[in-house]
Enquirer: 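After the structure tokens below, expect a handful of questions from me.
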Number of protein chains: 2
Amino acid sequence: MITIKEIAERANVSRTTVSRVINNSGYVSDEAKKRVLKVIEETGYIPSEHAKSLRTKKTKVIGVILPKISTETSSRLVKGLDEVFAKEGYQILLTNTNLELEKEIEYLKLLKSRHVDGIILSATIINEPLLEAIRQLNIPFVIVGQYMPGLPNVLFDDYQSSKDLVYFMIKKGYKHIAFIGVDEKDRSVGYLRKNGYLDAMKENNLPIEKGWVQKGTFDVDSGYQCMKQIMDFSEKTPVAVFAVTDRLAIGAMQYIKETGLSIPDDIAVAGMGASELSRFISPALTTIDFFIEEAGREAARLVLEQVNGGISHEVIRTIKHRLIERSSI
Amino acid sequence: MITIKEIAERANVSRTTVSRVINNSGYVSDEAKKRVLKVIEETGYIPSEHAKSLRTKKTKVIGVILPKISTETSSRLVKGLDEVFAKEGYQILLTNTNLELEKEIEYLKLLKSRHVDGIILSATIINEPLLEAIRQLNIPFVIVGQYMPGLPNVLFDDYQSSKDLVYFMIKKGYKHIAFIGVDEKDRSVGYLRKNGYLDAMKENNLPIEKGWVQKGTFDVDSGYQCMKQIMDFSEKTPVAVFAVTDRLAIGAMQYIKETGLSIPDDIAVAGMGASELSRFISPALTTIDFFIEEAGREAARLVLEQVNGGISHEVIRTIKHRLIERSSI
DNA sequence: ACCGCGTATGGAATCGATTCCACATAGGTA
DNA sequence: TACCTATGTGGAATCGATTCCATACGCGGT
């Protein structure tokens, strides 16, 4: 590795002067500047960001903690983040907890040890130790997707969007609506979306029959199984089913199709997330589109605000959503 | 930020001793060790990786350059990379060129300035300046998806897989097979897959009629347009169409369905990539599954081999693929 | 003649770790 | 007794940049 010292020697100036040329700061004669630039050019010298940031305390790197790499949500989120960060010259240091909760704290520390300028956490399940770890961190921080008190949050309106969708189904004439959810420990997807459904039904005085509410996991197969449960064990067969993710909805559709029933004539289906699949599956799935890229951009902006001197206090940015009506209803 | 100096003072030892405790190296009395660990515990001290790597020349960070974030391919590749890297304690520094070729060189330099231990490039179009930049880099390096002479490569067998698929179609009885490709500047997807098709047809003495070969881009709409071109301008209407990506194939399917024709009875369709969509679209799409996660793992291994002392020379690891037969044929 | 100021440059401290080397002590062996 | 070795510790150089401060020169104003 060629260093600033070598450049200085070759250009017959001091390291100070080389530094000034690189950073375009202070006084440097055209004469000296030209010599330095020439040597840099010739040698292909690239300054060490490490040495630099050791002094300046800035790395232009933002740490991102994802619960799962390789999901459409993560990938859209990262896209939004990158749009803003790239423009400002920041890079993303990626970590992936693979849904192991202890890793979140581990990675927080690791990112701190790497002196990232800020951290963005896309969380699933929050707990007290995690909150505590974040508070001690003292680094610009933003959480996406789950509410954490006292911190900058970028949230989706899980409750309202879910409610919107159920209201929409009711307006379309469906009254017997079954539900496929996930574990309520996931406050956003599990708890809030379920409550949106429950409240929408209640507010419309619609009963929820035995067997209509099922709990699955985040994959297509689980949607299939849940739908089977609904069909096998419901006292009244529902005329519609609302699943809290598109994948669950698609699994449900598979089961419905297999039993020879028609969507939406026999049973209507709705999902959430506006995944690519939802567009191309047939019939195309009615769903809620959360603007995930926008959430990424917003999170990036919030973290940069803090990096540039803003202090960190509770902020809640709720990202818009929209209902996409398609032929599954 | 609390530093090693402070720990040393509080524990009444020298920085040297603290360092020895942290790294479990050299001689330290149990007595001193205990004191140091206690202070570290109390203060929540996290050593600076920056300062460390300034001396040790190792960062445990691998730079990854992607042509597009937020595609299924990128995301599966990164997943594979992360599986191996996480196990070895490496993190991923992500950069995204958004298909701007100049950025590839820019990011190579940037990653070098950040002292990544290695670089993985998922390239689309290679050119001479890029090759030159990589050669000068002198950092462990692996390229995925496109062949680059003299470097460690992880490749998919684009030519053979494409040929396999066309042979399969022919064996199924389809003789009039149209083709939707992409720009041949993309050697893998554009050039090699096209040649696989052309050679398969030639080897079976099957003529390719005027209008059967179309060139699109990487999105669904383009597949739709290309299919329209085929139907409108072919002298003989084909009985099957082979698209070099699933998205193109799905676009083609949309057009075919719109014209009221049936898949596969009137026209059979095949794609490549084994995207999620291909599974759930109906009819389900016959396609080629490249083991992209495995490519990621292999690339990670290759780069780690170099990091751990292996020298960099031309290596070609061809990742397996398999044909997935589904109902679109 | 002196002061002040803009311009130009370099010496040396600094950031937070690692690591080489010198040194001290205690116990075992020839 | 003299010497060697294992154990334990710290001083100081080092990594590659930035930045504070001192210095020097030339020129205009008083």
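Residue numbering restarts at 1 for every chain, and letters A, B, ... go by the order of the sequence lines.
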Enquirer: At what distance, to the nearest 0.5 angstrom, does CZ of A/R301 lie from CG of A/L81?
Expert: 11.0 Å

Enquirer: Starting at NZ of B/K5 and ending at C1' of D/dG11, how long is that distance when rounded to a whole Å?
Expert: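 Those two atoms, NZ and C1', are 14 Å apart.
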
Enquirer: For B/T318 and B/D157, does a side-chain donor sit closer than 3.5 Å to a side-chain acceptor?
Expert: no

Enquirer: Assess whether one donor atom and one acceptor atom, taken from the side chain of B/R20 and the base of D/dG10, lie less than 3.5 Å apart.
Expert: yes

Enquirer: Which whole-number value in Å describes the distance from B/D30 CG to D/dT9 P?
Expert: 10 Å

Enquirer: Mind calculating the distance between CD1 (B/I2) and C1' (C/dA17) to the nearest angstrom?
Expert: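 Rounded to the whole Å, the gap is 14 Å.
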
Enquirer: Categorize A/S19 for me: base, sugar-phosphate, or nothing, with a 4.0 angstrom heavy-atom threshold over every strand shown.
Expert: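 Base, at least one base heavy atom under 4.0 Å.
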
Enquirer: Can you work out whether B/K57 or B/V28 has the more 5'-proximal nearest nucleotide on DNA chain D?
Expert: B/V28

Enquirer: Find the distance B/K58:NZ to D/dC15:C1' and express it as a whole number of Å.
Expert: 15 Å

Enquirer: Are a donor atom and an acceptor atom from the side chains of B/K68 and B/N98 found within less than 3.5 Å of each other?
Expert: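 A pair is found: one side chain offers a donor N or O, the other an acceptor, under 3.5 Å apart.
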
Enquirer: Could you pick out which residue, B/L54 or B/R35, lies toward the 5' side of DNA chain D when each is mapped onto its nearest nucleotide?
Expert: B/R35

Enquirer: Is it true that the side chains of B/E314 and B/Y147 contain a donor and an acceptor less than 3.5 Å apart?
Expert: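 Yes.
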
Enquirer: For the side chain of A/Y27, starting at C-beta, report the closest nucleotide among C/dA8, C/dT18, D/dT18.
Expert: C/dA8

Enquirer: Rounded to the nearest Å, what distance is computed from the CZ atom of residue B/R15 to the P atom of nucleotide C/dT19?
Expert: 14 Å

Enquirer: Which is true for B/T16 with a 4.0 Å heavy-atom rule: it touches a base, it touches only sugar-phosphate, or it touches nothing?
Expert: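 Base contact.
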
Enquirer: Under 4.0 angstrom, heavy atoms only, what part of the nucleic acid is A/V13 near: base, sugar-phosphate, or nothing?
Expert: sugar-phosphate

Enquirer: To the nearest Å, give me how far apart CD (B/E31) and C1' (D/dT7) are.
Expert: 15 Å

Enquirer: Closer than 4.0 Å, any side-chain N/O of A/S29 to the OP1 or OP2 of C/dT9?
Expert: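 Yes.
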
Enquirer: So, is B/S48 near the phosphate of C/dG16, with a side-chain N or O under 4.0 Å from OP1 or OP2?
Expert: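 Answer is no, no contact under 4.0 Å.
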
Enquirer: Find the distance A/K33:NZ to C/dT9:C1' and express it as a whole number of Å.
Expert: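 The answer, rounded to whole Å, is 15 Å.
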
Enquirer: Could you give the CD-to-P distance, from A/E49 to D/dA17, as a whole number of Å?
Expert: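 Taking CD of A/E49 and P of D/dA17, I get 10 Å after rounding.
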
Enquirer: So, A/Q146 versus A/S188: side-chain donor-acceptor pair below 3.5 Å or not?
Expert: yes

Enquirer: Does OP1 or OP2 of C/dG10 have a side-chain N or O of A/T17 closer than 4.0 Å?
Expert: yes

Enquirer: If you check the A/T3 side chain, which of C/dG16, D/dT18, D/dG16 turns out closest?
Expert: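 Ranking C/dG16, D/dT18, D/dG16 by closest atom to the A/T3 side chain puts D/dG16 first.
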
